[in-house]
Amino acid sequence: MIKYQHTTLANGLEVVANRDSSSRMAAINILYKVGARNENPHRTGLAHLFEHLMFRGTHLVPDFDTPVQMACGENNAFTNNDYTDFYITLPKDNIETAMWLESDRMTGLNLSAQACEIEKRVVIEEFRQRYLNQPYGDVSMLMREMAYTTHPYRWATIGLKPEHIAEASLEEIHSFYRNFYHPSNAILSVSGDIAPEQVFELAHKWFGAIADTPYTANPIPREPVQTEPRRMEVEREVPATTIVIAFHMGNRLSHDFFLGDLTSDLLAGGDSARLYEHLIKNKQLFTSVNAYISGDVDEGLFTFTAQLLPTTSEQAAEEALWEEIGLLQSGNISDYELEKVKNKFEANTLFGELNVMNKAMNLGYYSMIGDLPLINREVEIYRSITRSEVADFAQRTFRKDNSSTLIYRAR
Amino acid sequence: MMQQPPLTIPQSIDVQRAEKHIAPNSTPIYVLNCPEYEVVRLSFVFHAGTLTQQHPFTASATANMLAEGTQNLSAQQIAEELDYYGSYFDINIDRDYTYITFCSLSKFFEPTAKIIEEIILRPTFPTAELEIYRAKRKQQLAIERRKVETLAREHFAKAIFGDTHPYGISYPESEYDTLCREHLLQHYTANYTAQHCIVVCSGNITAQVLNHITSIVGALPSVQVEDNVTLPPFSSSRLRRIQHDGAVQSSIRMGRLLFPRTHPDFIPMQVLAMVLGGYFGSRLMQNLRERNGFTYGVFSAMVNFQHTGYLAIATQVGCEVTDQALQEIAREIELLRREAIPAEELELVKNIMAGEMMRILDGPFGIADVTTENILCGFDNSHIQQNLERIRQTSSEELLTLAQRYLCPDDMTTVVVGEFNG
């Protein structure tokens with residue numbers, strides 16, 4: 001249970017505060033409601049490149065990191081398809097340093113041509129390190145391109161290709177900043193031993209004077225309903241063949257999201273879960289097997305992956321996964337098993353509430369999806385899910401004509 | 001624009017001392033009671049790292065197979081029970097030690113403890129489960145070794161310790177085929193004993209919880225052993241370049257053998273490693289990433305083993321700029337040897353290190369980790385405050401002297417894995 005208070009400043013900035021009296025540290029999180037889904041298909045990777053540029057200094061503070069570090073703080077950021085998140089943890093007495101820095105870079109960023117050129121090179125090295133120079137590094141990219149025809153989830157946050165990053169113009173970068181980095185597109189969340197009223201006061205002091213520059217983003221195209229099975233086969237220099245099957249599922253606020261999440265736990269949450277017990281332990285087909293949801297804000301994917309033992313044929317592997325799907329669809333789920341995944345969900349929720357950073361980050365996230373109280377309601381929602389709901393979800397979701405299958409074959 | 005707010009720099013870090021109890025078989029149990037958290041975390045640290053194994057992969061296989069079947073429970077029953085209570089455990093193995101850490105909600109500690117008891121005291125290492133484990137790990141290792149950073153790490157260990165030295169050696173995946181149940185049993189019997197174990201627990205440790213822990217720990221067999229591992233001498237080489245077909249980035253590791261954490265120069269060398277590449281604005285990051293765009297990241301740190309320690313720099317750079325990156329790294333090291341670090345930069349690094357300690361020590365699990373590390377080095381938690389003071393005392397002159405003494409280019413080992421023909 002995370003206690004919080006919420007307010008909105010006159011310029012549209014949302015502020016959420018949690019008091020944690022047990023910690024000497026404070027976490028300050030600022031979330032901008034912009035991600036790769038807001039990009040144009042001809043200039044992908046821009047949201048993530050921009051996250052990097054946010055550390056390139058402002059006219060007032062030429063180096064962002066040094067003042068954070070002088071304050072014994074640490075900061076970082078990440079971008080995904082839906083949003084961009086910046087966070088600082090530091091001793092709570094230095095919280096104003098974090099507020100000062102975040103308010104400063106909301107408007108004063110120094111986007112010089114030279115800084116942009118160097119940062120593009122860094123991001124292209126990141127592209128190579130994480131996607132091109134890794135075994136199986138392109139699996140998620142291939143799957144996105146197959147499963148989505150229209151929606152911008154078609155590309156990963158890093159972008160469709162390094163050229164999109166290399167060719168981004170200074171003008172595009174400036175207008176991205178103008179359009180997406182302003183108070184009414186941001187959420188400030190704080191956790192630490194500070195009274196919420198004081199957090200609101202500080203937010204007002206540091207962010208209150210920033211003028212909002214509202215912008216109406218282009219509507220995000222909807223993904224048309226898939227009507228036929230899709231399939232892609234590639235060969236790569238890897239030691240083991242991997243099979244990935246993905247299905248479209250509901251968005252973050254639909255009940256199907258919770259059903260999908262719980263179903264993925266039934267299948268693959270821990271060593272006692274079905275896929276591991278059945279396919280690795282009993283049938284000995286795979287060296288690893290997983291099922292997970294993408295967790296996106298818009299309609300996302302439910303994905304199965306399996307890494308084959310050299311002795312397992314591709315056909316046997318696919319059949320085994322579909323057999324597991326069949327078991328769920330027929331409602332073959334015990335009360336004990338359901339209880340187990342619910343307990344596990346509850347425990348993980350509690351383990352996740354032990355530090356200020358997780359809490360600040362979660363408060364920002366739940367505000368962003370537009371249902372802050374959900375942060376404390378999820379355990380109850382999971383508790384209420386029944387066997388027949390899971391079977392029904394599996395029947396509706398795990399259909400051949402809603403599937404995209406990737407055979408990633410070892411050469 | 002508004003003024004920069006004033007700063008408060010923490011001058012002390014208060015961490016509770018661990019309360020030491022001794023089980024009847026003389027195994028020490030360290031308790032960090034944090035009753036405000038409704039969780040229990042229990043760590044067993046056995047002196048059973050890869051250094052103690054008689055056969056390749058035995059130390060990791062033994063630890064990872066502890067929960068794969070015991071006298072009274074099957075692997076599946078163990079997994080089911082732990083998952084049912086939302087409890088979990090982690091296994092970590094290094095050259096010196098094996099760490100087994102269990103976490104549970106306080107309200108489910110009793111049923112979890114029953115499973116812990118089975119896992120720690122009564123594993124049977126069933127052959128069928130071992131076969132699955134071997135096939136899985138063999139394939140995973142083959143995949144890992146497609147990565148330049150994995151290869152660089154392995155080759156670097158060989159290059160600084162010696163190819164066959166127990167701190168440096170690595171084995172081909174095919175050695176998994178030779179691993180059998182007897183190896184695991186032998187390793188377990190020899191090393192999972194009262195004399196080779198310390199226990200650290202944190203969270204809400206009530207008298208009842210402690211009793212339960214003591215009864216499990218007290219049942220570890222007491223085996224009198226001569227603990228005189230004699231390490232062969234280290235032998236470092238200067239440079240290794242390893243060709244990896246098709247790589248688009250090279251992985252670079254550079255460093256040298258130094259000394260363990262107990263050495264009086266360890267802390268100032270940590271400060272020096274921090275200046276060089278320990279944080280986002282470090283000299284190597286400024287140079288390789290921010291000024292040149294050669295890399296996504298570059299790091300340096302002191303690494304501690306029981307019997308020694310080393311300084312390492314690690315990065316991945318575009319293959320085409322590998323030599324330039326090596327030159328820039330050498331240039332930054334040379335600069336540390338030639339010029340004293342400016343006062344503001346050193347002040348910044350000291351504050352970062354203080355902040356890092358505070359962050360690690362925020363919450364019961366982090367305190368337990370630091371306590372464990374201190375105990376293994378023969379310190380108690382007052383060492384944390386001493387460390388902070390030692391960091392504060394470190395001067396630019398001292399670091400210049402240390403850089404000249406320890407960062408001589410002739411003493412450095414360099415390993416590069418990448419595509420050299422492309």
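These figures come from a predicted structure and were not determined experimentally. Below, read A as the first sequence line, B as the second, and so on, with proteins coming before strands; counting in each chain starts at 1.
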Task: Any A/P310 side-chain heavy atom under 4.5 Å of B/Q139 side chain - done: yes

TODO: Please tell me if the side chains of B/L7 and A/M70 come closer than 4.5 Å, counting only heavy atoms from C-beta onward.
DONE: yes

Task: Region of A/Y276 in contact with chain B, defined by heavy-atom distances below 4.5 Å - done: side chain

TODO: Name the member of A/G137, A/A347, A/G269 that forms the most heavy-atom pairs with chain B at distances under 4.5 Å.
DONE: A/A347

Task: Heavy-atom contact with chain B under 4.5 Å, split by part of A/F345 - done: neither

Open item on the list: Can a donor-acceptor pair be found, under 3.5 Å and without considering hydrogens, that links the side chain of A/N343 to the backbone of B/Y84?
Closed with: yes

- [ ] Taking all non-hydrogen atoms of both residues into account, name the closest pair between A/T97 and B/P6 and its distance.
- [x] OG1-O, 4.5 Å

Task: Residue part contacting chain A, namely of B/E129, when any heavy atom lies under 4.5 Å - done: side chain

Task: chain A contact via B/R291 - side chain, backbone, both or neither, heavy atoms under 4.5 Å - done: backbone

Open item on the list: I'd like to know whether NE2 of A/H204 has more than 12 heavy-atom contacts from other residues, nucleotides or ligands below 6.0 angstrom.
Closed with: no

Open item on the list: If I measure from the heavy atoms of chain B, does A/L309 come under 4.5 Å with its side chain, its backbone, both, or neither?
Closed with: both

Task: Which atom of A/P135 lies closest to which atom of B/K147, heavy atoms considered - done: CD-CG, 3.5 Å

Open item on the list: For the CD atom of B/Q286 and the CG atom of A/D63, what is their distance to the nearest 0.5 Å?
Closed with: 6.5 Å

Task: chain B contact via A/E126 - side chain, backbone, both or neither, heavy atoms under 4.5 Å - done: both

Task: Residue A/L308 versus chain B: region with a heavy atom under 4.5 Å - done: backbone

Task: Portion of B/V317 that has a non-hydrogen atom of chain A nearer than 4.5 angstrom - done: backbone

Task: A/D65 side, atom CG; B/I352 side, atom CD1 - distance, nearest 0.5 Å - done: 8.5 Å

TODO: Output the option from B/P5, B/A79, B/G366 having the highest count of non-hydrogen pairs under 4.5 Å with chain A.
DONE: B/P5

Task: Donor-acceptor contact present, side-chain B/R289 to main-chain A/V122, <3.5 Å - done: no

Open item on the list: Distance alone, cut at 3.5 Å: any donor-acceptor contact between the side chains of B/T295 and A/E125?
Closed with: no

TODO: Considering only heavy atoms and a distance below 4.5 Å, find which of B/V148, B/L361, B/N292, B/I78 pairs most often with chain A.
DONE: B/N292

Open item on the list: Consider side-chain hydrogen bond (donor to acceptor under 3.5 Å, both in side chains). Of B/E149, B/R146, B/Q249, which one does A/Q134 pass it with?
Closed with: B/E149

- [ ] Taking the side chain as every heavy atom from C-beta outward, state whether A/K344 and B/Y85 have any pair of such atoms under 4.5 Å apart.
- [x] no

Task: Test of ring centre spacing under 6.0 Å for A/F351 and B/Y88 - done: yes

TODO: For residues B/R359 and A/M25, determine if any side-chain heavy atom of one lies less than 4.5 Å from a side-chain heavy atom of the other.
DONE: yes

Task: Atom group of B/V248 that falls short of 4.5 Å from chain A, counting heavy atoms - done: both

Open item on the list: I'd like to verify something: which residue of B/Q76, B/E36, B/E81 has the highest number of heavy-atom pairs under 4.5 Å with chain A?
Closed with: B/Q76

Open item on the list: On a heavy-atom basis, which atom in A/K281 and which in B/I132 lie closest, and how many Å separate them?
Closed with: O-CD1, 3.5 Å

TODO: Working to the nearest 0.5 Å, report the span between CZ of B/R134 and OG1 of A/T287.
DONE: 15.0 Å

TODO: Let me know if A/H59 has heavy atoms under 4.5 Å from chain B in its side chain, its backbone, both or neither.
DONE: neither

Task: From CE (B/M353) to SG (A/C72), nearest 0.5 Å - done: 12.0 Å

Open item on the list: Testing the 3.5 Å rule here: is there a donor-acceptor pair between the side chains of B/Y279 and A/E74?
Closed with: no

- [ ] Say whether, by atom type as modelled, one donor and one acceptor occur between the side chain of A/R24 and the main chain of B/M358 under 3.5 angstrom.
- [x] no

Task: Under 4.5 Å from any heavy atom of chain B - which part of A/L90 - done: backbone

Task: Side chain / backbone / both / neither for B/E68 at chain A, heavy atoms under 4.5 Å - done: side chain

TODO: Let me know if A/E337 has heavy atoms under 4.5 Å from chain B in its side chain, its backbone, both or neither.
DONE: neither

TODO: Measure distances from A/K342 to the heavy atoms of chain B and classify the residue's part below 4.5 Å as side chain, backbone, both or neither.
DONE: neither

Open item on the list: Counting heavy-atom pairs under 4.5 Å with chain B, which one of A/T66, A/L132, A/N94, A/T89 comes out on top?
Closed with: A/N94

Task: Any side-chain heavy-atom pair of A/R128 and B/Q316 under 4.5 Å - done: no

Open item on the list: What I'd like to find out is whether the side chain of B/I143 reaches to under 4.5 Å of the side chain of A/V238, using heavy atoms alone.
Closed with: no

TODO: Could you tell me which portion of A/E96 (side chain, backbone, both or neither) has an atom closer than 4.5 angstrom to a non-hydrogen atom of chain B?
DONE: both

- [ ] Side chain from CB out, backbone as N, CA, C, O: work out which of these in B/C34 comes under 4.5 Å of a heavy atom of chain A, or both, or neither.
- [x] neither

Task: For chain A, the option from B/P364, B/G318, B/A354 that forms the most heavy-atom pairs under 4.5 Å - done: B/G318

Task: Contact residues of residues 8-16 of chain B (partner chain A; heavy-atom separation under 4.5 angstrom) - done: B/T8, B/I9, B/P10, B/S12, B/I13, B/D14

TODO: Mind listing the closest non-hydrogen atom pair of B/F280 and A/Q69 along with its distance?
DONE: N-NE2, 4.0 Å

Open item on the list: Tell me if the NZ atom of A/K161 is crowded by more than 12 foreign heavy atoms within 6.0 Å.
Closed with: no

Task: Region of B/D245 in contact with chain A, defined by heavy-atom distances below 4.5 Å - done: neither

TODO: Measure distances from B/S251 to the heavy atoms of chain A and classify the residue's part below 4.5 Å as side chain, backbone, both or neither.
DONE: neither

Task: A/F286 side chain reached by B/K136 side chain, heavy atoms, under 4.5 Å - done: no

Task: Segment of A/D271 engaging chain B (4.5 angstrom heavy-atom cut-off) - done: both

Open item on the list: Let me confirm one number: the CG-NE2 distance from A/N133 to B/H244, rounded to the nearest 0.5 Å.
Closed with: 7.0 Å

Task: Portion of A/Q114 that has a non-hydrogen atom of chain B nearer than 4.5 angstrom - done: neither

